[in-house]
Amino acid sequence: MMKIDKAPVPLIVPNPDDPRLTERVTGTDQTGAKVEIKVPMERPLTLYLNSQEIVTMMTIGDYPEYLALGYLLNQNMLKYNDEVTEVEYDDDLQVVVVRTSHHTNFEAKLKKRTQTSGCAQGTAFGDLLEAVESVALPKAELRTSWLYQMTQTINTMPSLYLEAGAIHGCVLCQEGEPLCYTEDVGRHNAVDKIAGWMYRHGVDASDKILYTTGRLTSEMVIKTVRMGIPILVSRSGFTAWGVDLARQVGLTLVGRTRGKRFIALAGEERIVYDQNLAYVEEESAKHKRKGEGGDD
């Protein structure tokens with residue numbers, strides 16, 4: 001597969017105006033008045049690796065090719081040095097087929113399953129932990145000036161979340177600049193799309209930052225490490241196992257990034273405190289998102 005030196009332009013950003021991604025529904029509010037709101041769509045997408053059915057995912061339906069590649073990479077079914085000969089998507093059948101130049105067989109590990117749109121993916125295999133433990137993450141730095149620039153930019157960008165809610169976002173950043181912004185009904189889908197996009201375009205992970213709107217769980221840590229990204233940031237909180245794994249593998253883990261505030265619980269040695277907090281604004285109420293009242 002051809003590799004390129006830098007990410008393509010224009011970069012991926014959410015498209016809240018895409019009519020395929022949301023649906024208008026009517027209901028009543030707390031006063032009994034009729035209301036009409038937008039809600040995200042959910043569609044089944046069945047993934048095949050060569051001739052074998054792998055999983056059926058519930059997704060909003062954009063970037064199915066990136067989602068398929070990223071899922072296989074993050075599940076350790078596809079290696080980064082594997083040759084992918086074709087990624088074929090059929091919109092009518094809602095099927096995506098990833099073809100490789102070599103034979104693959106995961107029957108011993110797989111049973112037919114449906115991946116729900118909830119936040120707990122539930123399909124990670126035991127050998128993922130072994131694969132993660134052998135990864136040496138690159139040395140990198142996280143300047144607090146980049147962190148504040150990044151979160152401010154992301155919070156003010158158009159998104160499906162601000163349009164319809166009930167959705168997670170993940171953003172790949174370099175220094176303080178977002179490069180690739182994906183959303184889906186599950187944060188695992190959103191990060192898999194980024195993994196597929198990086199693989200397809202040969203994007204170097206060593207100097208990148210991954211931002212998520214969701215919790216910093218063991219799943220998110222494993223996926224970030226599998227992608228070779230040294231820094232993971234969230235506006236939400238942590239789980240104990242997520243913190244423990246991040247410390248074991250040397251991943252920088254930063255959560256509860258809202259306005260001037262953040263907490264780092266792993267990999268703090270990468271942080272460079274170069275931003276004067278007097279010049280950082282608190283988060284505007286109009287841009288507050290998930291996790292404000294807790295760690296959702």
Compare every heavy atom of [Y] with every heavy atom of [X], then report the nearest pair and how far apart it is.
| X | Y | value |
| --- | --- | --- |
| Ile231 | Leu142 | CD1-CB, 3.8 Å |
| Thr182 | Ala190 | OG1-O, 2.6 Å |
| Pro230 | Pro138 | CB-O, 3.6 Å |
| Ile167 | Val185 | CG1-N, 3.9 Å |
| Gln275 | Tyr148 | CG-CD1, 3.5 Å |
| Val243 | Leu253 | CA-CD2, 3.9 Å |

Say whether [X] and [Y] are linked into one hydrophobic cluster, either directly or through other cluster members, by side-chain heavy-atom distances under 4.5 angstrom.
| X | Y | answer |
| --- | --- | --- |
| Leu78 | Tyr48 | no |
| Val84 | Tyr63 | yes |
| Val233 | Ile271 | yes |
| Val87 | Val203 | yes |
| Leu160 | Ile37 | no |

field: Geometric class of the Phe262/Tyr273 ring pair [parallel <30°, tilted 30-60°, perpendicular >60°]
entry: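 Taking Phe262 first and then Tyr273, their aromatic rings lie parallel (interplane angle under 30°).
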- request: Taking salt bridge (charged side-chain N to carboxylate O under 4.0 Å, His left out) as the test, write out the residues that go with Lys38, two or more places apart.
  value: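 Expected list: Glu163.
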message: Trp197 and side chain to side chain contact (heavy atoms under 4.5 Å, CB included): which single residue from Leu172, Leu69, Leu67 fits?
response: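 Running side chain to side chain contact (heavy atoms under 4.5 Å, CB included) over Leu172, Leu69, Leu67 with Trp197 returns exactly one hit, Leu172.
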field: Name of the residue among Val98, Thr85, Thr100 meeting side chain to side chain contact (heavy atoms under 4.5 Å, CB included) with Asn50
entry: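 Single pass found, and it is Thr100.
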message: What verdict does the side chain to side chain contact (heavy atoms under 4.5 Å, CB included) test give for Arg235 and Ile154, after you've listed the backbone C-alpha separation in whole Å, the side-chain angles of each residue and the deciding distance to 0.1 Å?
response: CA-CA 11 Å; Arg235 66 175 292 102; Ile154 293 168; over 6 Å; no
- prompt: Is there side-chain contact between Met150 and Val171, with heavy atoms separated by less than 4.5 Å?
  reply: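 The answer is no, as the side chains (C-beta and beyond) never meet within the 4.5 Å cut-off.
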message: Can you confirm whether Glu281 is buried at CD, in the sense that more than 12 heavy atoms of other residues, nucleotides or ligands lie under 6.0 Å from that atom?
response: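 Not buried by this count: 12 neighbours or fewer within 6.0 Å.
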message: To the nearest 0.5 Å, what is the distance between CE on Met227 and NZ on Lys208?
response: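 Between atom CE of Met227 and atom NZ of Lys208 there are 11.0 Å.
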- request: Report the distance from atom CG of Leu210 to atom NZ of Lys223, rounding to the nearest 0.5 Å.
  value: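 Between Leu210 CG and Lys223 NZ, I get 11.0 Å after rounding to 0.5 Å.
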message: Please evaluate residues Arg187 and Thr212 with respect to the criterion side chain to side chain donor-acceptor pair (under 3.5 Å), reporting the C-alpha separation (whole Å), side-chain torsions for both, the decisive distance (0.1 Å), and the verdict.
response: CA-CA 8 Å; Arg187 61 177 174 268; Thr212 176; 5.6 Å; no
- prompt: So Arg270 and Leu137, side chain to side chain contact (heavy atoms under 4.5 Å, CB included) or not? Walk me through it.
  reply: CA-CA 12 Å; Arg270 287 195 180 94; Leu137 289 174; 4.0 Å; yes
message: Run Lys34 and Thr26 through side chain to side chain contact (heavy atoms under 4.5 Å, CB included) and show every step you take.
response: CA-CA 7 Å; Lys34 292 204 174 288; Thr26 58; over 6 Å; no
